[in-house]
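Report on one structure; see the data block that follows.
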Amino acid sequence: MKEYEADFDIRMMYKGRLDFAIEALLTTLLAFMPFAFGADRAWSKEVVIALSGMIVVCFLLKVLHHGDQGLIGSWSYLLLALFVLVAVFQLIPFSTHFVRIISPNTIALRQELLGDLPGADTLLKTASLSFYANATRHDLRLIVSIAAVFVVTVNFFRSPDQIKRLLMTIALIGGIVAAFTLIQFLFRNGKIYWFIDWKRSQAISGPFVNHNNYAQFMNLSIGAALGCILVSLHEYFAGRKVTPFVIYDYLSSRSAKFFWLLVIIVTVGIATIFISLSRGGMVSLLIASVFMTLLLVSRPSLKGRGWIMAIIALGAFACILFVGFDAVYARYGDLSLSMSLKARMQIMRDLVSSYGQF
């Protein structure tokens with residue numbers, strides 16, 4: 001009996017260390033990506049792949065040694081698998097005859113470009129659907145890494161405490177990035193981190209090279225913060241009638257410190273999305289805000305929470321007014337006539353044409 005208890009304690013201790021390792025590695029990954037220029041560089045992508053691999057290894061060790069919990073079933077696995085298989089299918093070297101059946105123009109273009117090379121007959125016996133297999137493999141590695149982390153996250157963060165902790169981690173990381181972005185914008189010199197000069201970057205999107213990537217990252221962080229806000233309000237107002245007096249009593253109490261921290265994170269995050277001048281990010285934010293407001297008004301379990309959006313909107317608007325409303329207005333007002341929009345429409349037309357040809 002004593003030997004069994006000792007073995008059980010060791011296994012529980014081992015399980016606890018693996019749990020800690022998974023959560024610590026995931027937090028490190030979430031914090032690393034935004035501050036490494038949005039994981040836009042080749043070296044940062046390699047770090048992302050390495051950290052993702054370590055997370056998966058820790059999770060597999062936990063499953064092997066503590067298989068008391070089965071994997072959670074989800075249709076999302078099928079969608080991820082189909083996406084990965086499409087990329088893998090593009091890399092398989094099929095016979096030229098088979099590829100010609102699927103995509104005649106692929107073979108025709110290959111023969112046009114490679115037909116005059118020595119040994120072209122041997123070279124063109126097989127072909128893949130991908131014209132640039134190295135780039136396809138590069139992106140496939142990244143997609144597989146992130147998909148694996150997604151599967152681990154779905155199966156590891158099961159309890160309400162774990163989920164709340166994960167949402168809070170994402171919200172805090174987003175808040176730190178938003179605060180850094182605001183400081184860098186106010187005291188900017190056109191360089192990222194004040195000393196890294198990057199082409200086509202005006203240091204208006206914090207540590208991110210691409211302002212559109214920053215805006216969508218911040219939209220996701222805001223979503224996590226709003227989730228934390230709704231959970232904290234549900235825990236406080238559960239079973240209570242929501243009246244203006246009750247709301248005021250809560251907002252002025254010490255227990256609302258966590259709520260105000262999250263509101264500040266969301267407010268600054270919204271302001272920095274507008275500061276980044278990403279029109280796609282602005283439109284996404286506005287659509288999400290309308291959807292969120294309708295959700296708060298329509299769902300019985302969330303009724304009486306609409307005042308949250310009013311507080312956040314007022315705070316974000318005040319922040320935008322303070323740091324640079326003119327630039328935001330000019331950028332947003334030029335949306336319908338922008339060359340960027342015309343270029344995107346041309347890309348869509350070209351894609352339709354390329355799908356027909358290949």
query = Say you draw a straight line from CG of Leu186 to CG of Leu182; how long is it, rounded to the nearest 0.5 Å?
reply = 4.5 Å
Atom pair CD (Glu46) and OG (Ser145), whose distance is rounded to the nearest 0.5 Å = 9.0 Å
query = So if you build clusters from Ile, Leu, Val, Met, Phe, Trp, Tyr with side-chain heavy-atom gaps below 4.5 Å, do Val47 and Ile196 land together?
reply = yes
query = Does some side-chain heavy atom of Thr96 sit less than 4.5 Å from a side-chain heavy atom of Thr126?
reply = no
Same apolar cluster: Leu262 and Ile264, side chain cutoff 4.5 Å = yes
request  = Please list, chain by chain and in numerical order, all residues satisfying side-chain contact (heavy atoms from CB on, under 4.5 Å) with Gln346, sequence neighbours excluded.
outcome  = Arg349, Asp350
task = Determine whether Cys228 and Phe259 make a side-chain contact, defined as any pair of heavy atoms from C-beta on separated by less than 4.5 Å.
result = no
request  = Might you work through the side-chain contact (heavy atoms from CB on, under 4.5 Å) test for Glu23 and Phe156, ending with a clear yes or no?
outcome  = CA-CA 9 Å; Glu23 200 160 342; Phe156 179 76; 4.1 Å; yes
note = All heavy atoms of Leu18 vs all of Cys58, minimum pair found to be CD2-O, 3.9 Å
inquiry  = For a 4.5 angstrom cut-off between non-hydrogen side-chain atoms, does Leu166 reach Leu30?
reply    = yes
task = Return yes if some donor-acceptor pair links the side-chain N/O of Ser130 with the main-chain N/O of Thr136 below 3.5 Å, else return no.
result = no
task = Please round to the nearest 0.5 Å and tell me the distance separating atom CD1 of Ile173 and atom CE of Met168.
result = 11.0 Å
query = Honestly, is Arg41 close enough over Phe37, meaning NZ or CZ under 6.0 Å from the six-membered ring centre and within 45° of the axis?
reply = no
remark   = Heavy-atom nearest pair, Gly269 first then Ile222, reads C-CD1, 3.8 Å
ask   = In chain order, what residues pass the side-chain contact (heavy atoms from CB on, under 4.5 Å) check against Tyr132, with sequence neighbours excluded?
value = Asn134, Ala135
ask   = Do Leu85 and Phe83 share a hydrophobic cluster, counting only Ile, Leu, Val, Met, Phe, Trp and Tyr and linking them when any side-chain heavy atoms are less than 4.5 Å apart?
value = no
task = Without swapping roles, check the side chain of Arg188 against the backbone of Phe185 for a donor-acceptor pair under 3.5 Å.
result = yes
key: Any donor-acceptor N/O pair, Gln90 side chain to Ser128 backbone, under 3.5 Å   = no
inquiry  = So for atom CH2, which belongs to Trp75, do other residues, nucleotides or ligands contribute more than 12 heavy atoms lying within a distance under 6.0 Å?
reply    = no
inquiry  = How close do Leu91 and Ala133 get, counting heavy atoms only, and between which atoms?
reply    = CD2-O, 3.6 Å
task = Decide yes or no for Val177 and Pro207: does some side-chain heavy atom of the first lie under 4.5 Å from some side-chain heavy atom of the second?
result = yes
ask   = Between Phe150 and Tyr77, does the ring centre distance come in under 6.0 Å?
value = no
note = In terms of heavy-atom contacts, Gln184 and Gly206 come closest through NE2-O, 2.9 Å
message = One pair to check against side-chain contact (heavy atoms from CB on, under 4.5 Å): Val99 and Leu129. What are the steps and the verdict?
response = CA-CA 7 Å; Val99 177; Leu129 289 171; 4.0 Å; yes
ask   = Mind checking whether Asp197 and Ile192 have side chains closer than 4.5 Å, heavy atoms only?
value = no
key: For Ser354, side-chain contact (heavy atoms from CB on, under 4.5 Å) partners two or more places apart   = Leu351
inquiry  = Taking ring pair (Phe, Tyr, Trp, His ring centres under 6.0 Å) as the criterion, tell me which of Phe208, Phe187, Trp194, Tyr214 meets it with Phe180.
reply    = Trp194
ask   = Judged by modelled atom types alone, do Ser276 and Ser278 share a side-chain donor-acceptor pair under 3.5 Å?
value = no
key: Exercise: identify the closest heavy-atom pair between Gly175 and Ile265   = CA-CG2, 3.7 Å
request  = Could you tell me which residues satisfy ring-ring contact (aromatic ring centres under 6.0 Å, His included) with Phe94, sequence neighbours excluded, listed by chain and number?
outcome  = Phe89, Phe98
task = Indicate if Ile170 and Phe35 have the same hydrophobic cluster label, given that clusters are the connected sets of ILVMFWY residues with side-chain heavy-atom separations under 4.5 angstrom.
result = yes
message = Hydrophobic clustering (ILVMFWY, side-chain heavy atoms < 4.5 Å, transitive) - are Ile107 and Ile102 grouped together?
response = yes
task = To the nearest 0.5 Å, tell me how far Arg141 CZ sits from Ser52 OG.
result = 11.0 Å
remark   = Here the gap from Ile275 atom CD1 to Ile270 atom CD1, rounded to the nearest 0.5 Å, amounts to 12.0 Å
message = Leu230 vs Met292, test: side-chain contact (heavy atoms from CB on, under 4.5 Å). Steps then yes/no.
response = CA-CA 11 Å; Leu230 291 177; Met292 187 68 185; 3.2 Å; yes
ask   = Closest heavy-atom contact between Asp19 and Lys62?
value = OD1-NZ, 3.0 Å
query = Between the side chain of Thr153 and the main-chain N/O of Val149, is any donor-acceptor distance below 3.5 Å?
reply = yes
task = Would you check, one step at a time, whether the test side chain to side chain donor-acceptor pair (under 3.5 Å) holds for Thr181 with Thr272?
result = CA-CA 7 Å; Thr181 302; Thr272 57; 5.5 Å; no
request  = Using side-chain contact (heavy atoms from CB on, under 4.5 Å) as the criterion, list what pairs up with Asn219, not counting sequence neighbours.
outcome  = Gln216, Ile273, Ser284, Leu285
query = Should the heavy atoms of other residues, nucleotides or ligands under 6.0 Å from OH of Tyr193 be counted, would the total exceed 12?
reply = yes
Contacts of type ring-ring contact (aromatic ring centres under 6.0 Å, His included), residue Trp260, not counting sequence neighbours = none
message = For a side-chain contact (heavy atoms from CB on, under 4.5 Å) check, start with the C-alpha distance between Phe59 and Val151, then their side-chain angles and the critical distance, and finish with the verdict.
response = CA-CA 10 Å; Phe59 179 74; Val151 173; 5.7 Å; no
query = Between Gln357 and Ser353, does any side-chain donor sit less than 3.5 Å from a side-chain acceptor?
reply = yes
note = Here the gap from Leu29 atom CG to Met54 atom CE, rounded to the nearest 0.5 Å, amounts to 10.5 Å
